[in-house]
Amino acid sequence: MSAFFNAIPGAIGLGLIWGIMAIGVYITFRVLDFADLTVDGTLSTGGAVLVMSMMSGVNVYVALILAFLAGCIAGFITGILNASFGIPPILAGILTQLALYSINLRILGKSNQALSVHKYNVIASMTNVTKALIAVAIIAVAIIAILYWFFDTEIGHSIRATGSNQNMARANGINISATKIIALILSNGLVALAGGLLAQYQGFADVNMGRGAIVVGLAAVIIGEVVFGKIFKNFALKLLSVLFGGIIYYIVMQFVISLGLNTDDLKLLTALIVAVFLGIPYLRSRYAQAHVKTKEVKE
């Protein structure tokens, strides 16, 4: 178990980075009610743009901004495919994700590129976990604060209204096509930003680094809701619960790995974790209904 406890700081670091990615997923999945699969490609795009930018001599902070903007462009394309061409959300995301695979290969020049943390000034690296934890935590808190402000603006409320009831939002004069596109831009920008942080943290960018990212993001969202849903009611706290969900997910994964799980089975474990946490609210409601009925019969 000592190996597990020694690995916890690294798991928290990964959890924070993937938690930022999960916040992007939360915006489309929960706020907008849009099943966006673009993120599997966008995460890799963010990592690729950051690595190649830094290798070209760009400052790490500017490189992160460029990664964010690249993700915004990907989200914009998905939004246009859905809003302007009437392509269903899932298919629009898949089409953009498919296109991003080739684009990411073009950006990287090959399937992966290493980023020497000793040669370049990175802000988050697994070689210095303490520094990485502080830096990523500050970025995550800043993102939550900005999103809390943004979703309290007129545009933010319009996005939330679109996610709650599109027909009612349209009836109230909201341009739901515009709100969808804005939400997708913001969501994928955050995912790409997380990809840039992840590339720094692990020291390389890979064209396949985003494969299965949507499942990990959903895992963080669902875990956060199940564990903290009853106590975190404020929107900012809901975003924070998603961040905590990412941390919990990676701590659980690290614990299972320390028990001897074959790393080839991690995707299977991820699917099982998501399935369990998705089923908990349903089973809980079924139990509550059965309990109420039993109580009524006894009375």
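All values below come from the heavy atoms of this structure, side chains included, with hydrogens, waters and symmetry mates left out.
Scanning both residues, Ala114 and Met55, for their nearest heavy atoms gives O-SD, 3.9 Å. Between Asp40 and Ala213, the shortest heavy-atom distance links the atoms OD1-N, 3.3 Å. Scanning both residues, Ala205 and Ala48, for their nearest heavy atoms gives CB-N, 3.9 Å. Contact between Asn234 and Ala236 at its shortest, heavy atoms only, is OD1-N, 2.8 Å. The shortest heavy-atom contact between Gly10 and Val129 is N-CG1, 4.0 Å. Residue Gly46 comes nearest to Ala67 through the heavy atom pair O-CB, 3.5 Å, listed as atom of the first residue, atom of the second, then distance.
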Checking Ile139 against Ile123 for the side-chain contact (heavy atoms from CB on, under 4.5 Å) test, could you report, in this order, the C-alpha distance in whole Å, the side-chain angles of both residues, the deciding distance, and whether it holds? CA-CA 11 Å; Ile139 293 172; Ile123 60 176; 3.9 Å; yes

Are Arg30 and Glu225 close enough, and set up right, to give a salt bridge (charged side-chain N to carboxylate O under 4.0 Å, His left out), and what steps lead you there? CA-CA 11 Å; Arg30 282 292 187 239; Glu225 289 179 341; 2.5 Å; yes

Kindly determine whether Phe68 and Val49 satisfy side-chain contact (heavy atoms from CB on, under 4.5 Å), including the steps that lead there. CA-CA 9 Å; Phe68 174 80; Val49 169; over 6 Å; no

Go through it in stages, so that I can follow the logic: the residues are Val207 and Ser44, the test is side-chain contact (heavy atoms from CB on, under 4.5 Å), and I'd like the CA-CA distance, side-chain angles, deciding distance and then a yes or no. CA-CA 6 Å; Val207 72; Ser44 300; 5.6 Å; no

Residue pair Tyr120, Val60: steps toward the side-chain contact (heavy atoms from CB on, under 4.5 Å) verdict: CA-CA 8 Å; Tyr120 301 98; Val60 62; over 6 Å; no

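Of the candidates Ile146, Leu239, Val31, Phe151 forms a side chain to side chain contact (heavy atoms under 4.5 Å, CB included) with just one, namely Val31.
Note that the CZ atom of Phe255 and the CD1 atom of Ile8 stand 10.0 Å from one another [nearest 0.5 Å]. The NZ atom of Lys238 sits 14.0 Å away from the CD1 atom of Ile23 when rounded to the nearest 0.5 Å. Rounded to the nearest 0.5 Å, atoms CD1 (Ile214) and CG (Leu43) are 11.0 Å apart. Rounding to the nearest 0.5 Å gives a distance of 11.5 Å between SG of Cys72 and CD1 of Ile77. Here the CD1-CD1 distance, from Ile176 to Ile159, works out to 13.0 Å after rounding to the nearest 0.5 Å. In this structure, the separation between CG on Leu186 and OG1 on Thr28 is 10.0 Å, given to the nearest 0.5 Å.
Gln200 is listed as a side-chain neighbour of Leu50, based on a closest heavy-atom distance under 4.5 Å. Between Ile251 and Phe4, the closest side-chain pair of non-hydrogen atoms falls below 4.5 Å. Between Phe235 and Arg160 there is a side-chain heavy-atom pair separated by less than 4.5 Å. Considering only heavy atoms from C-beta on, Thr45 stays 4.5 Å or farther from Ile103 through its side chain. Side-chain contact between Phe76 and Ile80: present, with at least one pair of heavy atoms (C-beta onward) separated by less than 4.5 Å. The closest side-chain heavy-atom distance from Ile27 to Leu32 is not below 4.5 Å. Side-chain contact between Met209 and Leu198 is present, with at least one heavy-atom pair separated by less than 4.5 Å. Side-chain atoms of Ile17 and Met21, non-hydrogen and from C-beta on, never get closer than 4.5 Å to each other.
Note on Leu259: it clusters hydrophobically with Val276, by side-chain heavy-atom contacts below 4.5 Å among ILVMFWY residues. The cluster map of Ile, Leu, Val, Met, Phe, Trp and Tyr, joined by side-chain heavy atoms under 4.5 Å apart, puts Val227 and Leu218 in the same cluster. Side-chain heavy atoms closer than 4.5 Å link hydrophobic residues (I, L, V, M, F, W, Y) into clusters, and following such links, possibly through other members, connects Leu133 to Leu240. Residues Val191 and Phe150 are members of one and the same hydrophobic cluster, defined by side-chain heavy-atom contacts under 4.5 angstrom among Ile, Leu, Val, Met, Phe, Trp and Tyr. Leu272 and Val215 sit in two unconnected hydrophobic clusters of ILVMFWY residues. Membership requires side-chain heavy atoms under 4.5 Å apart, directly or through other members.
Side-chain contact of Trp18 with Tyr249: a donor-acceptor pair under 3.5 Å is absent, judged by distance alone. In summary, the side chains of Thr38 and Thr96 do not present any donor paired with an acceptor at a separation below 3.5 Å, with no hydrogens or angles considered.
Counting only residues at least two apart or on different chains, the ring pair (Phe, Tyr, Trp, His ring centres under 6.0 Å) pairs with a member in residues 197-231 are Phe228-Phe232, Phe228-Phe244.
Side-chain N or O atoms of Asp265 include none that pairs as donor or acceptor with a backbone N or O of Leu268 at under 3.5 Å. In terms of modelled atom types and a separation under 3.5 Å, the side chain of Asn188 and the main chain of Ala74 share no donor-acceptor contact. Although no hydrogens or angles enter the test, the distance criterion places a donor-acceptor pair under 3.5 Å between the side chain of Ser187 and the main chain of Gly24. Using a distance-only test at 3.5 Å, with no hydrogens or angles considered, no donor-acceptor pair links the side chain of Asn172 to the main chain of Ile174. When atom types are taken as modelled, the side chain of Asn128 and the backbone of Lys131 share a donor-acceptor pair closer than 3.5 angstrom. Distance alone, capped at 3.5 Å, is enough to place a donor-acceptor pair between the Gln97 side chain and the Leu37 backbone. When atom types are taken as modelled, the side chain of Asn104 and the backbone of Leu100 share a donor-acceptor pair closer than 3.5 angstrom. Judged by distance alone, with hydrogens and angles left aside, the side-chain atoms of Asp206 form no donor-acceptor pair with the main-chain N or O of Gln113 at under 3.5 Å. When atom types are taken as modelled, the side chain of Ser125 and the backbone of Thr127 share a donor-acceptor pair closer than 3.5 angstrom. In terms of modelled atom types and a separation under 3.5 Å, the side chain of Ser84 and the main chain of Leu81 share no donor-acceptor contact.
The number of heavy-atom neighbours closer than 6.0 Å to CD1 of Ile155, taken from other residues, nucleotides and ligands shown, is 12 or below. Other residues, nucleotides and ligands contribute at most 12 non-hydrogen atoms within 6.0 Å of the CD1 atom of Ile90.
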